[in-house]
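Encoded as structure tokens, the structure appears first; notes follow it.
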Amino acid sequence: MLENKTRAWVKPAILVVILIALIVLARILGLGERIGELRSWIEGLGIWGPFVFLVIYSVGVVAAVVFDLPGREAVHRGIAVLIVASPCALIIATPVAYLASVAAAARNGVLIKGGAHLESVARAVVVVFDKTGTLTTGRVRLTDVIPLGGADERGALRMAGAIEGSSNHPLAAAITRAVNEWGLTVPAVSQYESMPGEGARGVVDGRSVWVGRPERAHESAPGVQEDLRAHAERLRGEGKTVSAMTVDGSAVVFAFEDAPRERARDCVRQLRAQGITRIEMLTGDHNIVARGMAERIELDGYKAELLPQEKLEAVEQLRARFGSVVVVGDGINDAPALASADVGIAMGGGGADVAMEAADIILMNDRIENVAWLHRHARRTARIVAQNLCFAIGVITVLSVFAAMGSIPLPLAVIGHEGSTVLVALNALRLLRG
Ligand code: ADP
Ligand code: MG
């Protein structure tokens with residue numbers, strides 16, 4: 001009698017000890033970090049489902065034969081094994097976590113186009129920011145209009161307004177705002193053409209107008225080159241972004257002020273504290289302006305005066321040197337880099353449509369600090385997925401062994417199986433709190 005009582009608690013105790021041992025073993029083997037591989041392996045099992053079913057059932061039956069059981073009990077044991085070995089908990093371990101995580105992110109204004117991107121964010125080692133419109137507010141203010149060679153300010157602004165009215169670049173928006181503030185009406189533009197990362201051109205009042213990087217102005221206004229360079233250098237020294245307009249050989253210099261987002265430096269610090277090894281800025285703007293910005297928000301490095309294609313190449317170099325790269329950008333000029341990054345994050349409020357299409361994740365409210373939050377959130381999601389997978393595999397293994405040995409009656413098998421599935425789902429739902 002006493003012996004029977006002792007045996008009644010020994011079996012569950014062994015069960016618990018084995019389960020704990022399995023979880024510890026999973027930690028030691030670093031299963032958490034290898035969870036991606038494990039997950040794809042489990043997903044790959046999908047087509048073998050019916051086959052696996054049969055094998056599991058046979059295990060139960062064979063066990064019954066080995067233990068020399070009567071036919072009825074053999075069938076029961078086979079069913080018990082089949083129930084506890086069914087990988088329900090394992091199958092829902094990842095998707096429920098991703099669903100909860102994506103929902104929590106959406107509530108926080110972060111739109112994730114698929115759960116798998118969370119895994120990439122959690123694995124990232126490099127974060128790369130665009131400057132204008134991403135690290136800065138994009139609420140750019142036009143501060144200087146300097147006509148070179150005869151043109152007047154109002155006329156210059158009208159011309160620029162005509163071209164920039166068709167562009168969605170933050171600098172173009174600043175020109176359009178200034179045009180409205182000055183109460184000017186803009187003439188119509190024809191043959192408009194945008195050159196992402198460089199500028200735009202068109203024909204206004206029958207004259208060919210070009211707006212863009214001052215360094216490119218020599219092509220259409222070689223005469224004012226020296227003057228233009230001197231002005232650009234001085235204004236950039238003040239931390240301003242400079243662009244130029246050329247009309248029939250004469251030129252106008254525009255300077256803009258573009259404040260960094262308030263939380264940009266915080267975000268950079270947090271990302272670093274959370275284990276991102278390299279945080280850089282890639283910009284089409286001039287080197288002097290870029291350096292000022294990089295120092296102000298404490299970046300690890302920057303590359304300036306890049307064309308869209310060069311941003312993409314810079315991302316590929318960073319990936320080759322350090323590893324997985326997250327790109328955060330807002331403009332058409334960022335689209336190639338966003339698309340080639342391991343994860344592309346676009347500004348959803350002020351960003352260009354093309355950027356949002358190329359990106360995997362969109363920050364709906366343009367809050368830069370959400371990049372750091374997203375990284376924390378993705379890490380937490382990965383941890384919970386790892387816990388779930390380890391727990392599910394542990395429970396399934398232990399219960400299967402015991403069921404095959406006949407130590408688990410059918411009702412208990414059902415409770416163990418459903419219980420573990422519910423526990424896995426509940427654990428994943430913790431992510432809903434964000
Ligand atoms: P970022 O990479 O910082 O977002 P861009 O690549 O969009 O900057 O622009 C780089 C430079 O090209 C600007 O500093 C500006 O001189 C010029 N530029 C690009 N587009 C325009 C535009 N629509 N109007 C005026 N200047 C432009
Ligand atoms: Mg930009």
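In listed order, ligands and their atoms are each counted from 1.
Residue Asp330 places no N or O, backbone or side chain, under 3.5 Å from any N or O of ligand 1. Annotation: Thr241 places no N or O atom under 3.5 Å from an N or O atom of ligand 1; distance criterion only. Residue-to-ligand polar distances place Glu164 within reach of ligand 1: an N/O pair is separated by less than 3.5 Å. Residue-to-ligand polar distances place Gly284 within reach of ligand 1: an N/O pair is separated by less than 3.5 Å.
In this structure, the protein non-hydrogen atom closest to atom 4 (O) of ligand 1 is Asp130 OD1, 2.8 Å. Closest to atom 18 (N) of ligand 1 among all protein heavy atoms lies Glu198 O, 3.7 Å. Nearest non-hydrogen protein atom to atom 12 (O) of ligand 1 is Arg213 CG, 3.3 Å. Nearest non-hydrogen protein atom to atom 15 (C) of ligand 1 is Leu171 CD1, 3.5 Å.
Heavy-atom contacts of Val211 reach the following atoms of ligand 1: 24 (N), 25 (C) (cutoff under 4.0 Å). Using a 4.0 Å cut-off to heavy atoms of Ser167, the atoms of ligand 1 that qualify are 23 (N). When each atom of ligand 1 is checked for a heavy atom of Lys131 under 4.0 Å away, the hits are 3 (O). Within ligand 1, the atoms closer than 4.0 Å to a non-hydrogen atom of Ser243 are 16 (O), 25 (C), 26 (N), numbered from 1 in the order shown. Each of the following atoms of ligand 1 lies closer than 4.0 Å to a heavy atom of Asp285: 10 (C), 14 (O). Near Lys311, with a cut-off below 4.0 Å to any heavy atom, the atoms of ligand 1 are 1 (P), 2 (O).
Contacts between Asn333 and ligand 1, counted as non-hydrogen atom pairs separated by less than 4.0 Å, involve the side chain only. If you look at His169 next to ligand 1, the close heavy atoms, those under 4.0 Å, all belong to the side chain.
Side chains of His417 and Ser86: no donor on one and acceptor on the other come within 3.5 Å. In the model, Gln270 has no side-chain atom that pairs as donor or acceptor with a side-chain atom of Arg265 under 3.5 Å. For the residue pair Asn427 and Gln387, a side-chain donor N or O sits within less than 3.5 Å of a side-chain acceptor on the partner. Side-chain contact, Gln274 with Arg376: a donor N or O sits under 3.5 Å from an acceptor N or O. Between the side chains of His231 and Arg234, a donor-acceptor pair is found at a separation under 3.5 Å. A donor atom on one side chain and an acceptor atom on the other are found under 3.5 Å apart for Asp285 and Thr241.
Taking 4.0 Å as the cut-off, His286 does not count as a neighbour of ligand 1 on heavy-atom distance. Residue contact annotation: Gly199 has a non-hydrogen atom under 4.0 Å from ligand 1. The closest approach between any non-hydrogen atom of Gly212 and ligand 1 is below 4.0 Å. Leu307 does not count as a contact of ligand 1, since none of its heavy atoms falls under 4.0 Å from the ligand.
Taking the Mg ion (ligand 2) as reference, the nearest N/O/S atom within Asp130 carries the name OD2. Taking the Mg ion (ligand 2) as reference, the nearest N/O/S atom within Asp330 carries the name OD1.
Classification of the Phe256-Phe254 ring pair by plane angle, with boundaries at 30° and 60°, yields tilted.
Salt-bridge check for Glu215 with Arg213: failed, with every basic side-chain N at 4.0 Å or more from each acidic carboxylate O. The pair Lys113-Asp360 does not meet the salt-bridge criterion, since no charged nitrogen lies less than 4.0 angstrom from a carboxylate oxygen. Arg123 and Glu119 are joined by a salt bridge, as a carboxylate oxygen and a charged side-chain nitrogen come within less than 4.0 angstrom of each other. The pair Arg263-Asp266 counts as a salt bridge, with a side-chain nitrogen and a carboxylate oxygen less than 4.0 angstrom apart.
The backbone N or O of Asn287 lies less than 3.5 Å from a partner atom in the side chain of Glu305, making a donor-acceptor pair.
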_Val96 vs Tyr98, test: side chain to side chain contact (heavy atoms under 4.5 Å, CB included). Steps then yes/no._
CA-CA 5 Å; Val96 177; Tyr98 281 173; over 6 Å; no

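Here the shortest heavy-atom distance to atom 16 (O) of ligand 1, taken over Thr134, Val242, Asn168, belongs to Val242.
Other residues, nucleotides and ligands contribute over 12 non-hydrogen atoms within 6.0 Å of the CZ atom of Arg177. By the 6.0 Å contact criterion, CD on Glu316 is enclosed, its count of non-hydrogen atoms from other residues, nucleotides or ligands being greater than 12.
Look at Thr132 and the Mg ion (ligand 2): an N/O/S atom of the residue is under 2.8 Å from the metal. In summary, Asp334 places no N/O/S atom under 2.8 Å from the Mg ion (ligand 2), failing the contact criterion.
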